[in-house]
Amino acid sequence: MLDFTNLRAIDFHTHAEEPCGCHDDDGYDDLQSSMAQYFGAPWTHPPTIPQTAAHYRAQNIAAVIFPVDAERETGYRRYRNEEVAELAAEHSDVLIPFASIDPHKGKLGAREARRLVDEFGVQGFKFHPTMQGFFPNDRMAYPLYEAIAETGKPALFHTGQTGVGSGMRGGNGMRLKYSNPMYIDDVAVDFPDMPIILAHPSFPWQEEALSVATHKPNVWIDLSGWSPKYFPEILVRYANTLLKDRMLFGSDWPMIAPEKWLDAFEKAGFRDEVRPRILKDNALKLLGAAP
């Protein structure tokens with residue numbers, strides 16, 4: 001089981017890409033290779049969950065890991081939530097399983113969410129509005145949110161521009177409009193007891209994300225997807241002050257390695273007393289594991 005005491009950090013944003021990854025016939029291979037080039041990742045085929053666990057174990061870092069269920073919108077094969085959870089359980093010393101369910105599944109998705117928490121120990125849920133093709137405040141998604149809220153688990157939403165499809169013809173069909181964090185403000189109002197995480201520096205809507213998080217106490221921000229050396233000054237300022245208890249370390253592995261992110265974090269303008277909160281303490285509180 002996961003021993004949080006001696007961990008260096010908790011990475012709140014990593015992706016499980018196998019076995020759905022890299023199929024020529026559905027286009028996922030082209031997408032993955034384009035994303036690896038965009039991020040400068042050192043691999044041509046994304047790592048498996050056991051490989052991810054080994055990397056994080058060597059770094060003494062725990063990782064929240066999840067798939068993205070975008071099969072309906074993109075045609076890319078779905079990585080079964082049950083398989084992700086089972087593999088994470090085999091590496092429970094470093095991996096924390098989240099699930100992903102397309103909100104278009106309605107009550108069927110709500111039933112799956114409850115079952116994943118009850119039977120597979122899933123600790124939260126990942127949404128990618130751009131890949132899944134929906135506005136987060138669309139009432140279509142509310143049956144799934146209601147189920148998640150009942151479990152007390154957090155919901156993590158991709159926000160801002162995405163590396164998915166970046167530079168590809170037509171952005172590979174990815175529509176950025178869905179991931180404006182202001183749409184999540186409605187969700188925070190309607191589900192005030194559900195922890196919500198806005199993933200990534202939300203370019204070009206950074207101030208909207210900070211506005212939502214400072215106004216709604218159930219909203220957090222993870223700092224994944226960008227190197228800290230590129231963070232806008234206003235994001236660092238809020239992380240050092242008003243939102244110091246609701247900022248989370250995240251890398252976006254396997255596109256960004258956690259050790260590379262942490263090296264840049266050491267050189268960025270975060271206050272010494274805030275760094276432990278971002279790296280681990282805030283995540284412990286969100287996961288209900290704080291002492």
Requested in this report: List the steps and the verdict of side chain to side chain contact (heavy atoms under 4.5 Å, CB included) for Asp252 and Thr14.
Outcome: CA-CA 5 Å; Asp252 217 1; Thr14 75; over 6 Å; no
What is the minimum heavy-atom distance between [X] and [Y], and which atoms define it?
X	Y	value
Leu7	Ala62	CD1-CB, 3.5 Å
Phe127	Ala155	CE1-CB, 4.0 Å
Pro67	Ser100	O-CB, 3.2 Å

Distance-only, no hydrogens or angles: does the [X] side chain make a donor-acceptor pair with backbone N or O of [Y] under 3.5 Å?
X	Y	result
His158	Gly160	yes
His91	Val94	no
Lys280	Thr5	yes
Arg78	Ala70	no
Gln123	Gly121	yes
Ser202	Pro181	no
Thr214	Ser211	yes
Thr48	Gln51	yes
Asp193	Ala149	no

Query raised in the report: So, Gln132 and Asp69: side-chain donor and acceptor under 3.5 Å apart, yes or no?
Result: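 No donor-acceptor contact under 3.5 Å links the two side chains.
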Query - Distance-only polar pair, side chains of Ser224 and Ser251, donor-acceptor under 3.5 Å - result: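 Their side chains do not contain a donor-acceptor pair, so the 3.5 Å distance test is not met.
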Are there over 12 heavy-atom neighbours, none belonging to [X], within less than 6.0 Å of that residue's [atom1]?
X	atom1	value
Arg111	CZ	no
Arg72	CZ	yes
Glu207	CD	no

Query raised in the report: side chain to side chain contact (heavy atoms under 4.5 Å, CB included) with Leu286: which of Ile10, Leu248, Val64?
Result: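 Testing each of Ile10, Leu248, Val64 against Leu286, the sole residue satisfying side chain to side chain contact (heavy atoms under 4.5 Å, CB included) is Leu248.
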Any chance you could measure [X], atom [atom1], to [Y], atom [atom2], to the nearest 0.5 Å?
X	Y	atom1	atom2	result
Leu235	His200	CG	NE2	13.0 Å
Ile221	Thr159	CD1	OG1	7.5 Å
Met194	Thr151	CE	OG1	9.0 Å
Asn240	Ile278	CG	CD1	7.0 Å
Leu156	Lys126	CG	NZ	5.5 Å
Tyr178	Thr130	OH	OG1	8.5 Å

Requested in this report: Please test Asn180 against Glu208 for side chain to side chain donor-acceptor pair (under 3.5 Å), starting from the C-alpha separation and ending with a verdict.
Outcome: CA-CA 8 Å; Asn180 186 326; Glu208 283 91 332; 4.8 Å; no
Query raised in the report: Same hydrophobic cluster for Met140 and Ile184, using side-chain heavy-atom links shorter than 4.5 Å among ILVMFWY?
Result: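 As far as the 4.5 Å side-chain criterion goes, Ile184 and Met140 are connected within one cluster.
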Query raised in the report: Is Ile101 reachable from Tyr142 through a run of I, L, V, M, F, W or Y residues, each pair having side-chain heavy atoms under 4.5 Å apart?
Result: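 Result: yes, single cluster for both.
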Report task. Could you tell me how the ring of His13 sits relative to the ring of Phe66: parallel (under 30°), tilted (30 to 60°) or perpendicular (over 60°)? Result ->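 Judged by the thresholds at 30° and 60°, the geometry between His13 and Phe66 is perpendicular.
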Query raised in the report: Given Phe249, which of Phe265, Phe12, Trp261, Phe270 fulfils the ring pair (Phe, Tyr, Trp, His ring centres under 6.0 Å) condition?
Result: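 Exactly one option meets the ring pair (Phe, Tyr, Trp, His ring centres under 6.0 Å) with Phe249, and it is Trp261.
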Requested in this report: Decide yes or no on side chain to side chain donor-acceptor pair (under 3.5 Å) for Thr52 and Trp253, but give the supporting numbers first.
Outcome: CA-CA 9 Å; Thr52 294; Trp253 167 275; 2.8 Å; yes
